[in-house]
Peer 1: 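Mind having a look at this structure? Questions to follow.
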Amino acid sequence: GGRPARSDYLVVKTFGESKAALIEMTTYTGRKHQVRVHAAKGLQTPVVNDELYGFSTTANEAMADLAECLASTSTYESGRERFFLHAAELAIPALGVDVEAQPLPGWWDPTITALEQL
């Protein structure tokens, strides 16, 4: 174990019978890999393409669903090496950093559309 870390999450959308989900997570402690660890180990829903934390039975089922969707979309080549992890907002008060909300990247659209068909 590492140091204590706190994250809250909200399941924004699930996709059919698959284990895939779109999750909104808020972190409070800012530990290294915190979102990735909490998604994979706490929620059993790892970040897509996360080879370090994404291997459990449930994770493999979710990854299989997502791999199939990725292969069927035109963004497969551009998205298969990337994490499907997006910072919608970022604030680091101690450094005076506050970035406004940003929409999901456009290259996610074909994959989300494909997942909605599951």
Side-chain angles (χ1 to χ4, degrees):
R3 298 181 298 176
R6 178 178 165 216
S7 298
D8 290 337
Y9 74 94
L10 171 68
V11 177
V12 175
K13 180 178 257 190
T14 57
F15 299 97
E17 298 295 317
S18 77
K19 304 282 187 204
L22 184 60
I23 296 172
E24 182 178 298
M25 189 175 290
T26 302
T27 60
Y28 298 93
T29 44
R31 302 286 184 241
K32 184 176 182 180
H33 299 182
Q34 180 174 335
V35 170
R36 295 168 60 197
V37 170
H38 286 185
K41 300 194 188 274
L43 302 177
Q44 294 294 302
T45 305
V47 173
V48 175
N49 292 332
D50 188 344
E51 293 184 5
L52 182 59
Y53 299 107
F55 294 102
S56 68
T57 302
T58 303
N60 288 338
E61 291 173 18
M63 294 293 193
D65 291 334
L66 290 163
E68 184 176 319
C69 285
L70 284 170
S72 70
T73 67
S74 61
T75 59
Y76 178 66
E77 288 302 318
S78 64
R80 70 182 175 146
E81 300 289 328
R82 300 180 187 184
F83 289 165
F84 276 65
L85 181 62
H86 174 66
E89 296 180 49
L90 177 65
I92 307 172
L95 299 177
V97 174
D98 192 9
V99 178
E100 294 181 19
Q102 300 294 313
L104 292 174
W107 62 268
W108 285 28
D109 294 345
T111 302
I112 289 174
T113 299
L115 284 168
E116 288 171 338
Q117 305 307 310
L118 294 176

Peer 1: State the CG-OG distance between Leu43 and Ser7, to the nearest 0.5 angstrom.
Peer 2: 8.5 Å

Peer 1: Assess whether side-chain contact (heavy atoms from CB on, under 4.5 Å) is satisfied between Thr27 and His38, documenting all intermediate values.
Peer 2: CA-CA 10 Å; Thr27 60; His38 286 185; over 6 Å; no

Peer 1: Look at the side-chain heavy atoms of Ile, Leu, Val, Met, Phe, Trp and Tyr, link any pair under 4.5 Å apart, and say whether Leu85 and Tyr9 land in one connected group.
Peer 2: yes

Peer 1: Honestly curious: do Leu95 and Val99 fall in one hydrophobic cluster under the side-chain, below-4.5 Å linking rule?
Peer 2: yes

Peer 1: Is the backbone N or O of Glu100 less than 3.5 Å from a side-chain atom of Gln102, with the two atoms forming a donor-acceptor pair by type?
Peer 2: yes

Peer 1: Can you tell me if CD on Glu24 sees more than 12 non-hydrogen neighbours from other groups inside 6.0 Å?
Peer 2: no

Peer 1: Go through the steps for Arg3 and Thr29 under the test side-chain contact (heavy atoms from CB on, under 4.5 Å), then give the verdict.
Peer 2: CA-CA 10 Å; Arg3 298 181 298 176; Thr29 44; over 6 Å; no

Peer 1: For residues Ala39 and Met25, report the shortest heavy-atom separation together with the two atoms involved.
Peer 2: N-CE, 4.1 Å

Peer 1: For Tyr53 and Pro46, which heavy atoms make the closest approach, and how far apart are they?
Peer 2: O-CB, 4.3 Å

Peer 1: Is there a path from Val12 to Phe15 through hydrophobic residues (I, L, V, M, F, W, Y) whose side chains come within less than 4.5 Å of each other?
Peer 2: yes

Peer 1: Rounded at 0.5 Å granularity, tell me how far CG in Leu22 sits from CZ in Phe84.
Peer 2: 11.0 Å

Peer 1: Might you point out which heavy atoms bring His86 and Leu104 nearest each other, and give the distance in Å?
Peer 2: CD2-CD2, 3.8 Å

Peer 1: Is it true that a side-chain atom of Arg31 and a backbone atom of Pro4 form a donor plus acceptor pair closer than 3.5 Å?
Peer 2: yes

Peer 1: Short question: side chain of Thr26, backbone of Asp8 - any donor-acceptor pair under 3.5 Å?
Peer 2: no

